[in-house]
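Have a look at the structure below, then the notes.
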2 protein chains.
Amino acid sequence: MADVTTSGEALLFLTDEQLRKGIEAMFFAYRGFTADPDRILADLEYGRAHHRALHFINRSQGTTVNNLLAVLGVTKQSLNRVLRTLIADGLVESRVGRKDRRERHLYLTARGAELERQLSEAQRARMRAAYRAAGPQAVAGFRQVLEAMMDETMRAQYHALKDGKS
Amino acid sequence: MADVTTSGEALLFLTDEQLRKGIEAMFFAYRGFTADPDRILADLEYGRAHHRALHFINRSQGTTVNNLLAVLGVTKQSLNRVLRTLIADGLVESRVGRKDRRERHLYLTARGAELERQLSEAQRARMRAAYRAAGPQAVAGFRQVLEAMMDETMRAQYHALKDGKS
DNA sequence: CAGTTTAAGTCAGCGTTGTTGACTTTCCAA
DNA sequence: TTGGAAAGTCAACAACGCTGACTTAAACTG
């Protein structure tokens, strides 16, 4: 990696104007990022919170409610409302823990997995197009900046998920 | 810039696993992105919507409600509620248009500008730290990918704002 | 084994911020 | 001059965050 971080250039780069551009880029891009799944969800009377739950349950099948709470960063009351509808609608299954019977382990049903796939494919399609348009080097930079922007606890979650393959 | 976009590497890069990492990076990073202003706003009994309104009014002083609607991508009823409280609290001033008296032109008051500065400085500080940590080359890639991820209409807004230096 | 802690879930209630529908005021063009 | 379109406002509703108080069940601990 050619390092062009001379202090002169680096300082020049961090004008308030440059930072504002980055802030607005995040704002507009995040809208695009959520737009496609949102359209699918609207028809099903679900919201973004349902998508997030499906995503992370799929990501870590058998995760507990408590784990999910930590990843999503919401209160259990808030998550519970979402989880209850997903279970009632037969998209998520909740199994009592074998070792610790207080815990509930969460799994996607076949239908839940199908919806998750549909939602994430819409999101991946956009991400794929953006990656193709920007090129691999840009993607590496994109990921570096995003990671640097996370809170420490979120970065831990991010890396924890990175490895756990199934 | 050393270009490593050979078609083999580019294809290798776009596995579903790589795309999922990008999706989760966006999710976690956006939380960090909004965390600092959110803390300030919570004390003031304002929300993220107020922050966005202040940001874009500051960005384009004298803009109309309709312009703001297009940039923010919400309904006018939704924006109106936020605007009403900001006006009532003396942070925003609404002036009847001189040419077209149906229009309202929006300006920040001194107090409004002060809050906007406080909020955006918190956000800029995080962005600045992330930029410093990742380096100028990564920042360029970050901006490229974000821009490619926007909807076409949002990209137009993004570029329109880019130039207009108050 | 009694007492405490932990995991999960429920109920009630509230705030922000999206939505749609109905309305007024203002402008402009047929 | 009248009728439609545009700008903005008001009312009501839904999604989804939040806090607080509580229950149930299981696990741990002294």
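Below, chains carry the letters A, B, ... as their sequence lines are ordered, and counting in each starts from 1.
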Atom pair distance, as rounded to whole Å: [atom1] in [X] and [atom2] in [N]:
{"X": "A/L69", "N": "C/dT6", "atom1": "CG", "atom2": "P", "result": "15 Å"}
{"X": "B/D38", "N": "D/dG17", "atom1": "CG", "atom2": "C1'", "result": "11 Å"}
{"X": "A/N66", "N": "C/dT6", "atom1": "CG", "atom2": "P", "result": "11 Å"}
{"X": "A/L106", "N": "C/dA7", "atom1": "CG", "atom2": "C1'", "result": "12 Å"}
{"X": "A/H105", "N": "C/dG9", "atom1": "NE2", "atom2": "P", "result": "11 Å"}
{"X": "A/L83", "N": "D/dC16", "atom1": "CG", "atom2": "C1'", "result": "14 Å"}
{"X": "B/L68", "N": "D/dA7", "atom1": "CG", "atom2": "C1'", "result": "13 Å"}

Output all residues satisfying side chain to side chain contact (heavy atoms under 4.5 Å, CB included) with [X], sequence neighbours left out; order by chain, then residue number.
{"X": "A/A133", "result": "B/A148"}
{"X": "A/R52", "result": "A/R48, A/A49, A/L72, B/F27"}
{"X": "A/R39", "result": "A/A35, A/D36, A/R126"}
{"X": "A/E116", "result": "A/L54, A/H55, A/N58, A/L108, A/S120"}

Which residues satisfy the salt bridge (charged side-chain N to carboxylate O under 4.0 Å, His left out) test with [X], sequence neighbours excluded?
{"X": "A/R104", "answer": "none"}
{"X": "B/R117", "answer": "B/E114"}
{"X": "A/R31", "answer": "none"}

**Letter per nucleotide, 5' to 3', of nucleotides 24-30 of chain D [B base touched, S only sugar-phosphate touched, - untouched; heavy atoms, 4.0 Å]** = -BBS---
**Complete:** Each nucleotide of nucleotides 13-23 of chain C classed B (base within 4.0 Å of a protein heavy atom), S (only sugar-phosphate) or -, in 5' to 3' order, makes ---SBBBBBB-
**Asked** Is any side-chain N or O of A/N80 closer than 4.0 Å to OP1 or OP2 of C/dT10?
**Response**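 Looking at the OP1 and OP2 atoms of C/dT10, one of them is under 4.0 Å from a side-chain N or O of A/N80.
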**Request:** Return the minimal non-hydrogen interatomic distance between B/P37 and B/L119, and the atom names on each side.
**Result:**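 So the minimum-distance heavy-atom pair works out to O-CD2, 3.8 Å.
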**Prompt:** What residues, two or more places apart in sequence or in another chain, satisfy side chain to side chain donor-acceptor pair (under 3.5 Å) together with B/E45?
**Reply:** none
**Asked** Relative to the ring of A/F28, is the ring of B/Y158 parallel (under 30°), tilted (30 to 60°) or perpendicular (over 60°)?
**Response**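 If you compare the ring of B/Y158 with that of A/F28, the planes turn out perpendicular.
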**Prompt:** With sequence neighbours left out, which residue pairs that include part of residues 85-97 of chain B fulfil the side chain to side chain donor-acceptor pair (under 3.5 Å) condition?
**Reply:** B/Y46-B/D89, B/H50-B/T85, B/E93-B/R95
**End-to-end axis angle, where each axis spans five pairs of the helix from C/dC1-D/dG30 to C/dA30-D/dT1, to 10°** = 10°
